[in-house]
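Worksheet: one structure, shown below.
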Amino acid sequence: MPSAATPAHMPLPRLAINIGISGHRPNKLDKAGHNLVAQKFSDLAAMIDAEVRTITKGDEGRFYDGAAPLIRMVTGLAEGSDRLVLAHMPESWQFEAVLPLPREDYAKDFKGAARTEFTALLKKAVSVTELSSGGRERNESYAAQGEFLIRQVDLLVAIWDGKQADGKGGTGEIVSKALDAGVAVIWINPKPGEAPQLLSRVDGAHKGVALGQAELRNVLHHILAAPSHHAPAGHDEHHAPATPSPTSFLSKSWPSALYLPFAYTLLRALSGAGKFALPVRYSSLAELLGSWSPFFNAVKPADNQLSKDLTSGLLPRSIWADALAWYYGQLYRSAYVSIFILASISVPIGLCYLFFLSSPEVLSIKAAFVVIELLIISTVIIVVRRGVRANWHGAWLQTRKLSELLRLGRNLAYVGSSRSFVLPPGPHENEDLANWYVRATFRETGLPHAVLGADYLKIVLSGVNETEIIQQRAYHKFNAANLHKIHHFLHRGGDLCFMATIGFLLFYLAIWGIDSIPFISAAMAETHEAAGEAHAEGGLIHEALEYVIKPIVSIAAAGLPAMGAGLTGIREQGDFEGFAARSSATYQQLSGIETRISKALQEPERLDLSKAQSILLAATEVMAKDVTAWHQQFSAKRLSLPA
């Protein structure tokens with residue numbers, strides 16, 4: 001059981017939004033333009049602040065932890081627009097600095113008071129991410145910074161005259177790339193008489209709408225709102241929604257020991273894929289909080305501050321999601337194993353009255369077995385209905401996906417790629433609660449506080465390889481072997497049931513044939529008559545055939561095929577062979593990722609942020625693809641009565 005310090009429910013994310021800034025340097029902002037932009041941004045910031053706080057107090061607020069909203073500006077600290085915005089943002093806001101070069105090199109861009117201001121701002125930033133030049137030209141570093149910044153923000157504020165950029169990395173180019181990436185862009189034109197606009201296209205004739213309160217509300221709602229939980233049109237009212245409501249698992253307490261849902265654990269033990277113990281337990285949160293220690297120790301030299309942030313935020317949420325996935329998975333999988341087995345044994349139990357055909361109470365005995373069969377079938381129906389109403393299937397899919405995605409985010413956080421890892425839904429797509437929770441958590445997670453150069457990247461890649469890639473390879477190899485064991489156990493069991501049925505039927509025919517031979521039948525009858533035994537007219541073999549062998553064969557002939565069908569149903573529902581093949585494929589793909597990491601570590605002079613991000617994203621996509629394929633495969637396998 002969890003310790004006293006365990007939260008009552010899965011931690012909710014803090015409402016957070018990251019706002020990027022891109023704009024003109026002082027040479028394009030005269031004093032009048034400076035003052036005008038300051039006023040426009042102050043008004044915009046006040047609107048954003050008010051709308052975000054309204055969300056926390058409204059119905060959407062129940063999906064967040066109730067803490068004050070975390071609103072952060074992401075800025076390059078350049079002279080002009082960047083610093084102007086920081087000077088006029090609300091006091092409750094924070095800012096993260098993303099520098100195109102290491103700070104000492106970047107500081108060369110500023111002289112006198114501007115450099116002093118730059119140094120002071122660095123001290124106020126909650127994090128400073130310094131990109132390495134990697135041998136690039138200075139303007140190319142600025143362009144790389146702009147692309148990096150776009151991936152960190154939910155909303156971009158562009159202070160821009162609308163003209164094409166003079167060079168690489170200019171505001172016009174950043175705006176265009178932000179729109180291509182699906183980032184909302186608010187355009188503040190420094191010219192008088194131009195109201196802020198919400199841009200939708202930049203192609204010479206810029207397309208947008210005047211930014212009013214309604215437009216801003218829609219933008220922020222799209223970024224921050226949790227998914228709707230109303231059943232879609234045409235939804236079967238007898239089935240639970242595919243996306244569970246927050247009450248299904250966000251408000252679920254830590255799973256306690258399970259006594260009745262043990263069928264899946266027993267199946268694993270019988271097939272040699274695990275051990276059986278009752279009750280079935282999950283470790284406590286206190287015991288699991290150290291499970292990421294090897295990972296954090298491996299990457300600690302790179303960015304100890306980010307490791308602390310992930311330890312307090314991402315880690316407990318991932319553990320909670322994994323615990324709930326275990327809980328709902330145990331319920332769902334034990335349920336479908338149980339209902340197939342119970343449905344199959346109800347058939348032979350209903351025929352057990354055949355042993356009592358000669359009894360004067362045969363009708364009462366049959367009624368008793370009918371009651372037992374009725375109880376078994378009722379249990380099957382109750383389990384299915386309870387599982388559907390509680391949405392064990394949907395909650396398991398969501399929490400397992402959530403757990404995996406949260407864990408994968410820890411690797412990407414160290415190279416600033418987690419915030420753009422899980423994309424929001426398209427205009428006509430339904431939101432997914434797990435995806436929403438992951439994005440909300442990653443928005444809350446800070447950026448690396450380090451120089452993202454070769455030395456830093458070597459530590460990160462090496463740490464991820466040792467504590468993620470190698471371990472996941474081992475897991476998928478082990479998992480594939482265990483799933484194969486379960487598949488073959490069920491396959492052999494099903495085959496054995498049908499072969500045993502043939503054996504019983506042949507045995508019956510053999511005994512019947514022997515009893516049908518005239519001289520044997522007559523001899524057995526004479527023996528009975530001489531002994532004065534009842535039923536002498538049929539002989540010993542005939543009596544055994546009538547009162548023992550016939551009931552056994554009848555029950556076996558009906559029950560064994562039913563059991564074989566049940567085992568086949570479990571095998572089809574679990575698709576153990578398919579998932580074993582998928583784990584084997586993931587194992588092979590991760591082997592390729594390990595090779596890429598090893599090669600990158602052997603060539604540190606060629607290691608830059610782009611290459612490290614590419615490798616880590618490839619690794620993440622391999623593991624996320626495995627989760628997605630599993631999710632898609634099981635989405636159609638809802639709990640239902642055995643057909």
Side-chain angles (χ1 to χ4, degrees), residues 6-19 48-72 92 153-155 184 216-232 240-254 285 309-310 312-325 327-328 390-391 394-407 409 418-426 429-446 631:
T6 301
H9 308 293
M10 184 171 178
L12 295 175
R14 182 181 179 183
L15 189 150
I17 185 169
N18 300 294
I19 304 171
I48 293 174
D49 197 71
E51 286 295 338
V52 169
R53 293 180 186 279
T54 298
I55 291 175
T56 63
K57 296 175 182 178
D59 185 59
E60 297 293 344
R62 64 195 174 100
F63 292 89
Y64 293 100
D65 66 1
L70 178 59
I71 306 177
R72 284 183 298 219
S92 60
V153 301
D154 310 294
L155 176 66
L216 180 61
R217 182 179 297 118
N218 288 337
V219 169
L220 295 177
H221 188 272
H222 179 72
I223 296 169
L224 301 172
S228 170
H229 304 286
H230 299 294
T243 300
S245 70
T247 56
S248 64
F249 66 80
L250 293 184
S251 58
K252 175 69 181 175
S253 59
W254 190 267
L285 178 62
D309 292 343
L310 294 176
S312 61
L314 187 62
L315 170 59
R317 296 178 197 180
S318 178
I319 292 174
W320 261 94
D322 193 64
L324 295 178
Y327 172 76
Y328 285 112
N391 200 16
W396 177 47
L397 294 180
Q398 289 283 295
T399 51
R400 174 52 59 206
K401 178 181 179 181
L402 178 59
S403 170
E404 295 298 321
L405 293 179
L406 287 173
R407 194 195 79 252
S418 61
R419 291 181 185 174
S420 57
F421 170 46
V422 180
L423 299 176
E429 296 176 347
N430 292 327
E431 177 62 296
D432 181 287
L433 185 57
N435 285 351
W436 171 85
Y437 187 101
V438 169
R439 286 201 310 278
T441 297
F442 291 167
R443 280 200 305 270
E444 185 184 342
T445 303
H631 190 278

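When a residue number appears, it is its place in the shown sequence, counting from 1.
- Counting heavy atoms from C-beta outward, Leu220 and Val52 have side chains that approach closer than 4.5 Å.
- In this structure, Arg443 has no salt bridge (Lys or Arg N to Asp or Glu O under 4.0 Å) partners at least two apart in sequence or on a different chain.
- A distance of 6.0 Å or more separates the ring centres of Tyr327 and Trp254.
- In this structure, Tyr437 has its ring center at least 6.0 angstrom away from the ring center of Trp320.
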- Task: Would you please test Ser92 and Arg53 for side chain to side chain donor-acceptor pair (under 3.5 Å) and show each step?
- Result: CA-CA 12 Å; Ser92 60; Arg53 293 180 186 279; 3.2 Å; yes

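- Remark: the backbone N or O of Ala50 is paired with a side-chain donor or acceptor of Thr54 at under 3.5 angstrom.
- Residues that satisfy the ring-ring contact (aromatic ring centres under 6.0 Å, His included) test with Phe421, not counting sequence neighbours, are absent from this structure.
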message = Is there a side-chain contact (heavy atoms from CB on, under 4.5 Å) between Trp396 and Asn391? Walk through the geometry before answering.
response = CA-CA 8 Å; Trp396 177 47; Asn391 200 16; over 6 Å; no

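- Checking side-chain atoms of Asp154 against main-chain N and O of Ile17 turns up no donor-acceptor pair under 3.5 Å.
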Practice item. Just do the side-chain contact (heavy atoms from CB on, under 4.5 Å) check on Leu250 and His9 with the steps written out, would you? Key: CA-CA 7 Å; Leu250 293 184; His9 308 293; over 6 Å; no

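- When atom types are taken as modelled, the side chain of Ser312 and the backbone of Asp309 share a donor-acceptor pair closer than 3.5 angstrom.
- No side-chain donor-acceptor contact under 3.5 Å links Glu51 to the backbone of Arg217.
- Here Arg14 pairs with nothing under the salt bridge (Lys or Arg N to Asp or Glu O under 4.0 Å) rule; sequence neighbours left out.
- Residues Asp322 and Thr399 fail the side-chain proximity criterion, which asks for heavy atoms closer than 4.5 Å.
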For a side chain to side chain donor-acceptor pair (under 3.5 Å) check, start with the C-alpha distance between Thr441 and Arg317, then their side-chain angles and the critical distance, and finish with the verdict. CA-CA 9 Å; Thr441 297; Arg317 296 178 197 180; 3.1 Å; yes

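- Using a 4.5 Å heavy-atom cutoff, the side chains of Asp432 and Trp436 are not in contact.
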